[in-house]
Amino acid sequence: MLATVRSELTKAVTLRSTWLVVGALLVLNAVVIAIQLPLYLDAMAAVTSDGLVEVFPPVQQSVASLAAECATWPLQIGLLVFVVGAHLAGSDLGRDRLGVAVLAVPDRARLVGAKALATALLALVVGLLLLAPAVAATYAVVKDWDPTLAWGAPALTGYARFLVFVVTTTLVGFALALLGRRTLAGVLPCVAMLGLTLSQAVAAVAPGLDALLPTSAARNLLVLPDPTLPPLTSGTRYATAVLVGWAVVAVAASAWALHRRDAR
């Protein structure tokens, strides 16, 4: 199993298209953080003696909550990581590559498990790379007040939640693409769910149903409650369970489908 995972990981990282997709996400993430950073630096310049800041007046928040909020900055681009998973699955679906892989590893459940594990490891690296500029920006924001807030418990919790989100969402994109036998099968459903989350179309009429969408679960997991924003539709534990559940069920379904169908 370990050799199969290593082989799948090597295959993924040697594809030029993988680096193009990941590189595009990293550049977009850096741009978004660079745009937001001056706003937070200006807010910190006017921090009160009791540690309150106004990023969007007249709403006040503590510096500690501001640091936790900075940890969620990569979410805006992180919502697109399903493209990485869909690409990795799609790269095996052309030119009978999947059929060749099945010949090398006849146990299809083992093959899908190895592919999923390799995808998860790559997603973890991508998540860390997305987090790196956010951590640096958080430190730049709070360093004159309390630099330890950049790696304190609230911030570390935010970083860990983000990594859980990146890994599970990437696996969902991967599994849907493998299930649908094409890259777009992993991209289009995720784009549709993202649209439902951003528009609040489901949350407005059925908050419980909205909480079951993986994109909404990501929002519920990472975004802090804010009276100026639409209310969250679940707590963090429920959101984590939804994301993990989507990843597990989607990967299991793709393994079952590959077992039942011709690999070509």
Start with the C-alpha distance between L41 and V141, add both sets of side-chain angles, then the distance that settles side chain to side chain contact (heavy atoms under 4.5 Å, CB included), and finish with yes or no. CA-CA 6 Å; L41 291 175; V141 169; 4.1 Å; yes
Measure across A137 and I33 and return the closest heavy-atom pair with its distance rounded to 0.1 Å. CB-CG2, 3.7 Å
Minimal heavy-atom distance between V251 and A175, with the atoms involved, is N-CB, 3.5 Å
Roughly how far apart are L80 CG and T170 OG1, rounded to 0.5 Å? 10.5 Å
Minimum heavy-atom separation for A185 and G180, please, with both atom names. CB-CA, 3.6 Å
Validation row: F82, M193 side chains within 4.5 angstrom (heavy atoms): no
For S17, the side-chain contact (heavy atoms from CB on, under 4.5 Å) test, sequence neighbours excluded, returns L15, H87
Quick one, Y139 and V135 - any side-chain contact, counting heavy atoms below 4.5 Å? no
If you group Ile, Leu, Val, Met, Phe, Trp and Tyr by side-chain heavy-atom gaps below 4.5 Å, do V202 and L188 land in one group? no
Hey, could you give me each pair passing ring pair (Phe, Tyr, Trp, His ring centres under 6.0 Å) that has a residue in residues 27-48? Not counting sequence neighbours. Y40-W73
I'd like to know whether L243 forms a side chain to side chain contact (heavy atoms under 4.5 Å, CB included) with F165, so could you lay out the CA-CA distance, the side-chain angles of the two residues, the decisive distance to 0.1 Å, and finally the verdict. CA-CA 7 Å; L243 285 170; F165 150 69; 4.3 Å; yes
Separation between OG1 of T14 and CH2 of W19, rounded to the nearest 0.5 Å: 10.0 Å
Contact check, side chains of P133 and N29, non-hydrogen atoms, under 4.5 Å: yes
Rounded to the nearest 0.5 Å, what's the gap from CH2 on W145 to OG on S62? Could you check? 10.0 Å
Please list, chain by chain and in numerical order, all residues satisfying side-chain contact (heavy atoms from CB on, under 4.5 Å) with L129, sequence neighbours excluded. L26, V125
Just verifying a value: how many Å separate L88 CG and L178 CG, rounded to the nearest 0.5 Å? 11.0 Å
Do V63 and V47 have side-chain heavy atoms sitting under 4.5 Å apart? yes
Do V84 and L25 make a side-chain contact, defined as non-hydrogen atoms from C-beta onward lying under 4.5 Å apart? yes
Is I77 reachable from L20 through a run of hydrophobic residues whose side-chain heavy atoms are each under 4.5 Å from the next? no
Would you sort out whether L130 and V81 count as a side chain to side chain contact (heavy atoms under 4.5 Å, CB included), showing the intermediate values? CA-CA 10 Å; L130 289 171; V81 295; 4.1 Å; yes
Identify the two heavy atoms, one from L179 and one from A253, that lie closest to each other, and give their separation to 0.1 Å. CD1-O, 3.5 Å
With a 4.5 Å limit on heavy-atom distance, are the side chains of D144 and M44 in contact? no
Are T215 and L196 close enough, and set up right, to give a side chain to side chain contact (heavy atoms under 4.5 Å, CB included), and what steps lead you there? CA-CA 9 Å; T215 46; L196 291 174; over 6 Å; no
Minimal non-hydrogen separation, A211 against S234, with atom names: CB-CB, 3.9 Å
Look at the side-chain heavy atoms of Ile, Leu, Val, Met, Phe, Trp and Tyr, link any pair under 4.5 Å apart, and say whether L121 and V172 land in one connected group. no
Please check if atom CH2 in W151 has more than 12 non-hydrogen atoms from other residues, nucleotides or ligands closer than 6.0 Å. yes
When rounded to the nearest 0.5 Å, the distance separating CG of L198 from OG of S216 is 8.5 Å
Give the cluster check for L149 versus L37: same hydrophobic cluster or not, with ILVMFWY residues linked at side-chain heavy-atom distances below 4.5 Å. yes
Member of T197, T233, N220 meeting the side chain to side chain donor-acceptor pair (under 3.5 Å) criterion with D210: T233
Find out if a path of hydrophobic residues (ILVMFWY) with successive side-chain heavy-atom gaps under 4.5 Å connects L122 to V187. yes
To the nearest 0.5 Å, tell me how far R219 CZ sits from L79 CG. 11.0 Å
Report yes if the side chains of F162 and Y159 come closer than 4.5 Å at any heavy-atom pair, otherwise no. no
Where L221 and T240 come nearest, the two heavy atoms and their spacing: CD1-OG1, 3.3 Å
